Amino acid sequence: MGQTSNSLNCLEIVLDVTPIEDISGIGVAIGCISTAGIVIVINIVYYVLAFQHDLDPFQRTSRTASSSSALDNPASSSPGAFGTAKDQRWSNPVDELVYNCFLRLIRKKVGVLREDRFNKIMMKCLLCMSDLQIVTGLSILISGYASLSEVAIYHWNVFVYLAWFSSLTQFCSITFLRNYLYNHSGQRLWRMMSMVIIVVMLGVAIYPTGSFERISSSPGTPAQCYFGKKSDKDSFAFQAMVISIFSICLACVAHIVRLYKPLSTLLVRYRRYVSKYARSILLRIYKWPQDTRSLKRTFIYHFCLSIFLVLRAALDIYTSMFMEVCAFLVLQNSY
C-alpha cells in the first residue's frame, strides 16, 4: 500500500492487495501454526500419560536454590517437586471421569509415566515452547503495529488471527506449568506480565475489525481507516469483535487466577459457598409442596435443579484440563 495517513482514501474500493511477507507470508503462517501444533502435541502427551487430576498444583518443593534446580536436579527436591501430594480440593470431576474411563486403561497399556525423569523432560519442553509462543506473539504484534501505515484490512485480519492463535496456545502451556511457576515466582511474574501485554496489544488490534464489513468487497482498504471509526453494532463483524475480545480477556483472567494460590483458593471457596447456598434453596423448594406428585415440584423444582446441574457441569467442563486440551486441539484444526 505504502500510503501515508494524509493520502488515505478510505472510500475507494481497493481489490488489489500488496503482499507483505512479514505479516501474511506463508513462512510466518507455517512457523506460527507448526510451533503451536508442537505445543498442543506436548500438552496432549503429558495429559494422557502423566497428568494427575488429584494433585495439589500449589505444593512447595524443598526451597529451590535456583530458578531451574527443580528441573535439573529432581532428586534434590522433596517428593512433591513435580506433584505427588494428593489434594481432592483441586480435583476436577471431568478430569477424574476421563482418567477413570480412558486414561487409566491407556497408562496400563503403555506403562505409568509419572517418574521425575519424565516430568523433567516434559517441563523443559513446555517451558521452551511457552517462551517461544511469547516471543512469537510479541513479534507478530510488534511487526503488525510497525507496518500499520502500509497494511490493508486483509493483512490486518491475518495478523490478528495469527496473534490470537499464538496467545491462546501460550495459555495452554501456562496451565500445565502451574506447579513449576508457583515454585519459581520470578518466572511466573514475567510470564504473567508478558501475557497481559500480549492480551492488551491483541485487544487493541482486534477492536478495528469490528468495522471490517468491506473485507470481502474491498480487501485492499488501508487498515488505518478503521481506527476510531464508529462500528455498526448490528453487524456480524462487530459482534465477532466483541466476542473475541471478551474471550481473550476471560482466558487471561482465568489463567492468572490459576497461577496464584490465594486467588484460586478464594475462587474455590466462593464456588463452594454458592453451591451450598443453591442446594439449600433447592431443598426448600423440594420440601415446599406436601404432595410429592404436586405440579409445583414437577415443574419448579425440576426446572431449578436442571439449571443448577447445567451451570455446575458447564463450570466443571470449563475449568478442566481435558476441556483446555480439546479446545486448543479444535482451534488448531479449525485454523
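All values derive from a computational prediction rather than experimental measurement.
- Under a cut-off of 6.0 angstrom, the local environment of CZ in Phe171 is crowded, with over 12 non-hydrogen atoms contributed by other residues, nucleotides or ligands.
- Side-chain contact between Tyr286 and Leu305 is absent, with no heavy atoms from C-beta onward closer than 4.5 Å.
- Nearest heavy atom pair, residue Ala163 against residue Leu202, reads CB-CD1, 3.8 Å.
- The backbone N or O of Pro262 lies less than 3.5 Å from no partner atom in the side chain of Thr265, so there is not a single donor-acceptor pair.
- In summary, the side chains of Arg279 and Ser275 do present a donor paired with an acceptor at a separation below 3.5 Å, with no hydrogens or angles considered.
- Using a distance-only test at 3.5 Å, with no hydrogens or angles considered, a donor-acceptor pair links the side chain of Ser139 to the main chain of Thr136.
- Evaluation of the salt bridge (charged side-chain N to carboxylate O under 4.0 Å, His left out) rule for Arg104 yields no partner, not counting sequence neighbours.
- Once rounded to the nearest 0.5 Å, the distance linking CG of Leu105 with CG of Asn100 reads 9.5 Å.
- Atom SG of Cys326 and atom CD1 of Ile40 lie 11.0 Å apart (nearest 0.5 Å).
- Judged by distance alone, the side chain of Ser320 and the main-chain N or O of Ile317 form a donor-acceptor pair under 3.5 Å.
- With sequence neighbours left out, Phe58 forms a ring-ring contact (aromatic ring centres under 6.0 Å, His included) with Trp90, Tyr182.
- Using a 4.5 Å heavy-atom threshold, the side chains of His53 and Met321 count as separate.
- Listed by chain and residue number, nothing satisfies the ring-ring contact (aromatic ring centres under 6.0 Å, His included) test with Tyr260 (two or more places apart in sequence, or in another chain).
- Using a 4.5 Å heavy-atom cutoff, the side chains of Tyr46 and Asn43 are not in contact.
- Taking hydrophobic clusters as Ile, Leu, Val, Met, Phe, Trp and Tyr residues chained together by side-chain heavy-atom distances below 4.5 Å, Val135 does not share a cluster with Met193.
- Taking OG1 from Thr35 and CD from Gln170, the interatomic distance works out to 12.0 Å, rounded to the nearest 0.5 Å.
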What do the steps show when you test Leu103 against Asp95 for side chain to side chain contact (heavy atoms under 4.5 Å, CB included), and what is the final call?
CA-CA 10 Å; Leu103 300 185; Asp95 291 324; over 6 Å; no
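- Here the CD1 atom belonging to Ile281 is positioned 9.0 Å from the SG atom belonging to Cys304, to the nearest 0.5 angstrom.
- Between Val325 and Phe176 there is a side-chain heavy-atom pair separated by less than 4.5 Å.
- Sorted by first then second residue, the salt bridge (charged side-chain N to carboxylate O under 4.0 Å, His left out) pairs that include residues 158-175, not counting sequence neighbours, number zero.
- Without hydrogens or angle criteria, Ser166 side chain to Leu162 main chain gives no donor-acceptor distance under 3.5 Å.
- Side-chain contact check for Ser280 versus Tyr277: some heavy-atom pair is nearer than 4.5 Å.
- Each of Ile174, Leu177, Asn183, Leu181 was checked for a side-chain contact (heavy atoms from CB on, under 4.5 Å) with Arg188, and the lone residue meeting it is Leu181.
- With sequence neighbours left out, the ring-ring contact (aromatic ring centres under 6.0 Å, His included) criterion links Phe227 to Trp156.
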Could you walk me through whether Leu267 and Arg271 pass the side chain to side chain contact (heavy atoms under 4.5 Å, CB included) check?
CA-CA 6 Å; Leu267 185 63; Arg271 178 184 173 181; 5.6 Å; no
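- Ile256 is listed as a side-chain neighbour of Val196, based on a closest heavy-atom distance under 4.5 Å.
- Looking at residues two or more places apart in sequence or on another chain, you find no side-chain hydrogen bond (donor to acceptor under 3.5 Å, both in side chains) involving Ser130.
- Each of Leu315 and Val257 belongs to its own hydrophobic cluster when Ile, Leu, Val, Met, Phe, Trp and Tyr are linked at side-chain heavy-atom distances under 4.5 angstrom.
- When all heavy atoms of Ile134 and Trp190 are compared, the pair lying nearest together is CD1-CZ3, 3.9 Å.
- Residue pairs meeting the side chain to side chain donor-acceptor pair (under 3.5 Å) criterion with at least one member in residues 238-252: none, sequence neighbours excluded.
- A 4.5 Å side-chain heavy-atom check between Leu126 and Met123 finds at least one atom pair inside the cut-off.
- A single hydrophobic cluster is not seen to contain both Ile243 and Ile248; linkage of ILVMFWY side chains at heavy-atom distances under 4.5 Å, directly or through other members, places them apart.
- Proximity of a side-chain donor or acceptor of Asp316 to a complementary backbone N or O of Asn92 within less than 3.5 Å is not detected.
- From Leu309, atom CG reaches atom CZ of Arg312 across 8.0 Å, with rounding to the nearest 0.5 Å.
- Partners of Phe303 according to the ring-ring contact (aromatic ring centres under 6.0 Å, His included) rule, which considers only residues two or more places apart in sequence or in another chain, do not exist here.
- Sorted pairs that involve residues 31-48 and meet salt bridge (charged side-chain N to carboxylate O under 4.0 Å, His left out), not counting sequence neighbours, are lacking altogether.
- For Tyr145, the OH atom counts as densely surrounded, since its 6.0 Å shell holds more than 12 non-hydrogen atoms of other residues, nucleotides or ligands.
- Closest approach of Met323 and Tyr318 over heavy atoms only: CG-CA, 4.4 Å.
- Residue Phe238 places its CZ atom among more than 12 non-hydrogen atoms of other residues, nucleotides or ligands, all under 6.0 Å distant.
- Classified by interplanar angle (parallel below 30°, tilted 30° to 60°, perpendicular above 60°), the ring pair Tyr47/Phe51 is parallel.
- Pairing each heavy atom of Met129 with each of Ile42, the nearest pair is CG-CD1, 3.8 Å.
- One hydrophobic cluster, built from ILVMFWY side chains closer than 4.5 Å, holds both Val98 and Ile106.
- Here the side chain of Asn157 pairs no donor or acceptor atom with the backbone of Ile153 at under 3.5 angstrom.
- Between the CG atom in Leu127 and the OG atom in Ser173 there is a gap of 9.0 Å [rounded to 0.5 Å].
- Residues passing the side-chain hydrogen bond (donor to acceptor under 3.5 Å, both in side chains) test with Thr175, sequence neighbours excluded: His255, Glu324.
- Shortest non-hydrogen contact noted between Val151 and Gly144 is CG2-O, 4.5 Å.
- Aromatic pair His184/Tyr180: centroids less than 6.0 angstrom apart.
- Residues that satisfy the side chain to side chain contact (heavy atoms under 4.5 Å, CB included) test with Leu97, not counting sequence neighbours, are Cys101.
- For the pair Arg178 (side chain) and Arg258 (backbone), a donor-acceptor distance under 3.5 Å is present.
- Take Arg191 and apply the salt bridge (charged side-chain N to carboxylate O under 4.0 Å, His left out) test, not counting sequence neighbours, and it matches Asp131.
- The side-chain heavy atoms of Arg107 and Tyr99, taken from C-beta on, include a pair separated by under 4.5 Å.
- Note on Phe212: it does not cluster hydrophobically with Phe246, by side-chain heavy-atom contacts below 4.5 Å among ILVMFWY residues.
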